[in-house]
Amino acid sequence: MWIELLIAAIKIATVLGVLLISVAYAVYAERRVSAFIQNRYGPNRVGYEGLLQSFADVIKLVFKEDIVPVNANKPIHTLAPMISIFVALTTIAVVPFGHQIELFGRMIALQITDVNVGILYILALTSLGVYGITLSGWSSNSKYSLFGGIRSSAQMISYELSMGLSIVGIVLITGSLSLQDIVMHQYGWMWNMVLQPLGFIIFLVASFAETNRSPFDLPEAEPELVGGYHTEYSSMKFALFFLAEYANMIVASTVITTLYLGGWQFPYLQTFGLPPMVVSILQVLTFCGKVAFMVFFFIWVRWSLPRFRYDQLMNLGWKVMLPLSILNIIVTAIVVALLK
Amino acid sequence: MAELTDKIKEKLSEANGFQGVVFTENINYPMIEVPKERLLEIAKILRDEFQIEQLRDVVSVDRFTKNERFECIYNLFSLTHGKRIFLKVKLDSKNPEVESLYPVWQSANWAEREAWDMMGIKFLNHPDLRRLYMMEEYEYHPLRKDYPLMGLPGAVKLPKK
Amino acid sequence: MSLDLTKEEYIEETKQASHISESQEKILRALESDDVRGHFEGSLDNQLVLNMGPQHPATHGVLQLVVSLDGESVVGTVPVMGYLHRGYEKLAENMTFHEFIPHTDRLDYLSPLANNVGYVLAIEKLLKIEATPRAQWIRTMCCEMARLASHLVWMGTMAMDVGALTVFLWTFTEREKILDILDILTGVRFTTSYTRIGGLALDMSDEVIARLKGFLDQFIQKLEDSRALIERNKIFINRCEGVGYISKEDAISIGLSGPNLRAAGVGNDLRRDDPYLVYNELDFEVPTLTESDVLARYYVRVREMYETVKILRQCIEKLPKGPINTPDAKQVLPDKGEVYTKMEELIHDFMIVNFGNTPEKGVEAYQAIEASKGELGFYAISDGKGYPFRLKIRSPSMVSISSLPTMMKGAMISDIVAIIGSIDPVMGEADK
């Protein structure tokens, strides 16, 4: 009993630690990749090639003065960034980053917890994320923030639908809501990306919208709404929003990897006859590599595409994505029914 | 160049009932000096009959030593002919007022606001005669020659601490 | 109004407010009569007034737009100017003609060279002198280089306004190359103050021409790269197409000039229609489109860049040899070497620097050039002294901004920034 709890605690600490450090390096990666895209250097002074830049930034933000607008609703203003970061960090709990590993004679599942309704858990938590942004927009008592909040809630509600519906296809194929089962099902090259190309594209686009990344970064559209929902935030509260954005990006990448890119599966790795320890480590590395590619993809898109307009965003969400995801379900259902 | 100017000269001659219209030549473009009472009428004629479609600017001048202290110079441009022509009215010092050209050219809106702001020339029947650059509660007109270069101390009321 | 007021306090506060809106009045009456059921008719009661600027990332400086919004749609727009008003017209009346040249740099600070040229051309008309052929050709090249630099900044900022951040850095890299050439040509990168009345400060060296040639050879490819990044993007096209429409009649009546007018279907270009400098000897086209939306304004400016490259190539070929200063000792600043060694030149230099050039009394002059934003004109009046009696600057940006309320009709918040970006305003010029 105690040993189980200890293992869980160690797993949580490790995953959170890795997640937070990778958030810091996602910020660094964003700045370096964007610099590469734009023909400039990017941060290269703090530490070797600027590797410590993100930590310097965090320290700077912690020491900055925390300014709260006079007419802000103070409790909610403080609560909002907490909700954002909480949601961003909690989602990772059900994502399997490997199969299992044998340590000290115990089989340890490489996942914090294998909830049997893992997909619903992810959907539920990402829906909570909208509260952080909407409340921050509303409580700041600034018109720009308010617009950011409104845009964000409308956007998230519209895209959550197609996001949820696109997953139904996977559930139909796999027959389970558990993420570990879904990964196990994607053996060899039979990744869900191959089986569900339409669903994959819909989920990818929707996750861009869910994480408020360009071209769907309307809630914080810089040229229009100055900073959108976080216009009136400073110091550590701003840092929390900032971290939440990148944590969301990484979590979205892990979810996309798990659902569509085969998770920790390395094609036909088990057939190579490697020792089980090496296999486990390779699987974790495979997972990390896939996530890193998705993070790069997020960054790549952000620095290449212009931003949508509000009505175009809504049109895309309701008139294109939603019918397509329903079509995806119907086709998948028919195929699954015929094959069985 | 000469053709359009000649036609305008013919049209605005005394024979057609236009008294006091003078063609001056101290500038590198043709300039017509018109009495201020007939400005609007002449502007309409220029636009409708001579295809002078654009009012590009309004220049206000303060000739502080003269009786007719203010001048308004309208910078007109004909897109059809590619020609520029100037229209000038002289305004007296006590009551610098002139009919707004907004009904003829929309651009008069802002150009005349600028002239009002900087020189204090009132444009009658202007749709929105607010100051353009200075704040609304400012009392002076900075481009007048009697306004000192260094500004007037206390002219801008600042909020108390 | 804060939410924690009691009813009595609310009534008291609203009564004391100087301006009570219709809806507030209704609330007030309802509160006073203890009948708390307020009735509101029409959507006007739902409008939100948003102050965009003067501190806003997309207003290109200090333009303030008071926008009244119904949800995300714009109901009305009122541009507010004057945050960068420095009174240049007043300043000009208190300094010699030469002293004002550095101030023209600060008008349209994206193309200072063109302002320099426009100003000295007007003053030369006033003094009735003309620059030498070589000076004229170099000035033409200056104007075109300034146009290129300005259009590159515009292209980057407009792309940034619609959310494409990368183009900004790409076009700025190209602009940087132009600024480097200007550095060799004028001695400074940005605030050039290059022209002098009757000539130029420095001659154009062979190195400048070589660098310019090298720049032009690679520029088209770089421009194509930047264009490919945004023009082939559906999102960009969707954001721009049909947005910010202004009818041809309105565009003419509002007095637009330059690219904004050409995008509305009026092929008016002062370089062709009212030639100054040596433009009548050059072969170029005036790109004109009829759609009159943000996309049309984008394409007009992009095509202008190709024409500018064409003009610059012709200039490099045809650039004549000869002196750069007009031999008019009374009006043109003498060469510095001569000032230090010869008595006559020293006297002229002293007179021009201290008392200014002396035009005839009562002469007026107007000279407009086709700057990157439109017609940039200088109206100078002389009273025979060394200072201009009146100098009026016709700034194209101000007129462009005055067209914003018309263009904003039916736009959304995101369109506001795209429209502002498309008309390419520079507040240094608009506010004077």
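Keep in mind that what you see is a predicted model, and the values were worked out from it rather than measured. Just so we're on the same page: letters track the sequence lines, and every chain starts at 1.
- By number of non-hydrogen pairs under 4.5 angstrom with chain B, the leading residue of C/D431, C/V363, C/D274 is C/D431.
- Of the listed residues (B/L55, B/I73, B/D128, B/N109), the greatest number of heavy-atom pairs within a distance under 4.5 Å of chain C belongs to B/I73.
- Applying the 6.0 Å contact sphere to CE of B/M135 captures more than 12 heavy atoms from other residues, nucleotides or ligands.
- There is no side-chain donor-acceptor pair under 3.5 Å between C/Y387 and C/E93.
- Between the side chain of B/E53 and the backbone N or O of B/L79, at least one donor-acceptor pair lies under 3.5 Å.
- Highest contact tally toward chain B, considering only C/R272, C/K90, C/M81, is held by C/K90 [criterion: heavy-atom pairs under 4.5 Å].
- Most heavy-atom pairs under 4.5 Å with chain C: of the set B/R131, B/R63, B/H81, B/R130, this distinction falls to B/R63.
- For B/Y147, the parts lying near chain C are the backbone and the side chain together; criterion is any non-hydrogen pair under 4.5 Å.
- Counting heavy atoms from C-beta on, the side chains of C/L376 and C/E429 come closer than 4.5 Å.
- Ring centroid separation for the pair C/Y366 and B/F86 comes in under the 6.0 Å cut-off.
- Shortest non-hydrogen contact noted between C/D424 and C/K373 is O-CD, 3.0 Å.
- Comparing C/D250, C/D273, C/L126, C/I254 by how many heavy-atom pairs each has under 4.5 Å with chain B, the most go to C/I254.
- Both the backbone and the side chain of C/E89 come within contact range of chain B, judged by heavy atoms closer than 4.5 Å.
- Of all the listed residues (C/E249, C/K432, C/E375), the one sharing the greatest number of non-hydrogen pairs under 4.5 Å with chain B is C/E375.
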